[in-house]
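In what follows, a single structure is set out as structure tokens and then discussed.
We use all heavy atoms of the structure for the numbers below, so side chains are in, but hydrogens, waters and symmetry mates are not. For this chain, numbers begin at 1 and follow the sequence in order.
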Amino acid sequence: MSGESPPAEETARMMGGEEEEGGSEAVAERGDPAVEGEGPLVRAVILSGFGGPSKLGVSRQTAACPGPGELRILVKACGVGFLDVLVRQGNVDPQPRTPLVPGYECAGVVDALGEGVRDFEVGHRVAAVVNLGAWAEVTVARADHVFRLRDSMSFVEGAALPISYLAAHLMLFDMGGLREGMSVLVHSAGGGVGLAVAQLCASVPRVTLLGTASLAKHDVIRDSFTHVIDRTGDYVQDVKRVCPGGVDIVLDCLCGENTAKGLALLKPMGTYILYGSSNVVTGETKSFFSFAKSWWQVEKVSPVRLYEENKRMGGFQLLPLLFSAEGPARARRAMSEITTLYDSGAVRPRVDSVWALEEVKEAMQKLLDRSNIGRVVLDTEKSPSPQGDRHSPEASEAAEEEDAEGDGEGGAESKERKPFIR
């Protein structure tokens, strides 16, 4: 599996230009009309290079104007996920050029339409998936990757919806064939995808849902699962006690030794789906030792074993799917069903915390600490907390450096890049 990043010229176009010079008097306010074909000057998170939190900052950029088949969005909120951590580290392939505006999902209001866009109007409330560029007050998205939001859904909820729920829905129903009476095991049950899986499984009768998570999260998520299991213990035996014959679907975002464990826990005709490799991310850079160990263990899986045991093994990566020929149609069908479940009250995105753009370093550290329950979101209209109340970015970066250096033989920077969505 490898990460999908936009071509360098697309990234540059989404950024819309270089930082404006001349101080605050030269900076146009958000929403100013375009002049001579250019968009307004807006605040954006800028990744100046690959590495630790110090590579992130907020500055003014010229927003791009929508091209054919695109629309421009006044962004109100944007999601933060582990894929964004990998982008910051430079662990995606192909590697985009910096400086760039990170971010893959957002929610806001349609501001302008490109040629040929028929299904949206200026003023529509929407959520969108973009190929970088979401962490800004204004972004441009392909119309077929944009979804209408219900008036009852907040923009913060909308920013937490697209990636987590599309991934969960497509894995469960399109790949896993989830139906009444089946059993599902999902790792990282307290993350955005894990909680989306829980809500979608609850919409199907008599599904037995098992989730692994750290003990600190159990009390919060317990009601969403049939059984919550300590991920640091012998979860294989715990699963077998609940489902002696195995489970029908395993959703694994951990990788490494968990792959063999997941396959062993499958029933005949069961499906194991690998959608991430969070175990190989330890700090500022990805440990080569952790990477090699995890992926060597995955490569040991034999097709002959799958044949002999009547089991299926698949991989899922949302962004390449969305940008494939049939991806938009699949996403639209899935989002239609997700929206129907939202209308019924069955789907409610859980948001762990909301941060200002200027607090992006702290928001990302929340993910690296594995302390979030649900999604982490940036709010473009939120004012940052006083510096004294915020986690020190310098301390975060020092902790990441120490973590990376202390991981056995993993002090050397890894150039291997494997993405995941969590």
Side-chain angles (χ1 to χ4, degrees), residues 3 5-24 26-32 38-65 72-92 94-106 108 128-141 159 284-285 355-368 376-384 387 390-394 396-397 400:
S5 296
E9 59 272 16
E10 180 181 344
T11 302
R13 191 189 70 76
M14 292 168 71
M15 289 178 61
E18 300 300 323
E19 183 176 358
E20 181 74 3
E21 297 180 352
S24 59
V27 177
E29 292 299 320
R30 172 180 177 175
D32 283 354
E38 293 186 353
L41 286 168
V42 297
R43 290 161 55 242
V45 175
I46 305 298
L47 180 67
S48 61
F50 300 118
S54 64
K55 302 298 183 181
L56 292 166
V58 175
S59 65
R60 297 276 180 170
Q61 297 288 322
T62 304
C65 291
R72 190 168 68 191
I73 300 170
L74 297 180
V75 177
K76 301 294 186 178
C78 28
V80 182
F82 263 99
L83 183 56
D84 301 305
V85 175
L86 291 182
V87 170
R88 194 196 75 191
Q89 294 173 338
N91 287 324
V92 292
Q95 193 177 72
R97 287 205 305 260
T98 56
L100 60 84
V101 178
Y104 289 96
E105 62 185 330
C106 63
V129 178
V130 297
N131 211 349
L132 294 177
W135 293 358
E137 290 180 317
V138 174
T139 194
V140 168
E284 179 177 341
T285 59
W355 307 79
L357 288 182
E358 291 80 5
E359 298 171 323
V360 62
K361 300 172 187 178
E362 291 85 354
M364 296 190 87
Q365 191 62 34
K366 184 85 172 177
L367 292 175
L368 284 168
V376 175
V377 175
L378 300 177
D379 184 337
T380 62
E381 297 180 342
K382 184 179 185 294
S383 298
Q387 186 67 39
R390 292 158 58 186
H391 187 69
S392 167
E394 291 77 13
S396 298
E397 188 164 13
E400 288 194 20

Check your understanding: When Trp135 is tested against each of Val130, Val80, Leu47, Val75 for side chain to side chain contact (heavy atoms under 4.5 Å, CB included), which residue passes?
Key -> Val80

Practice item. Measure the spacing between CG of Leu357 and CG of Leu56 and express it to the nearest 0.5 Å. Key: 11.5 Å

Check your understanding: How long is the gap from NZ on Lys76 to SG on Cys106, to the nearest 0.5 Å?
Key -> 12.0 Å

Give a yes or no answer on whether the side chain of [X] reaches the backbone of [Y] with a donor-acceptor pair at less than 3.5 Å.
X	Y	answer
Arg72	Thr139	no
Thr380	Ala77	no
Glu105	Gly79	no
Ser48	Lys55	yes
Glu137	Arg43	yes

**Study point:** Check: Val377 and Trp355 side chains under 4.5 Å, non-hydrogen atoms
**Key:** no

Exercise for review: Answer whether the closest heavy-atom distance between the side chains of Pro53 and Arg88 falls below 4.5 Å.
Suggested key: yes

Determine the minimum heavy-atom distance between [X] and [Y], stating which atoms define it.
X	Y	result
Ala63	Val42	CB-CG2, 4.2 Å
Ser59	Ile46	OG-CG1, 3.3 Å
Ala128	Ile73	CB-CD1, 3.7 Å
Leu378	Ala363	CD2-CB, 4.0 Å
Phe50	Val87	CD2-O, 3.2 Å

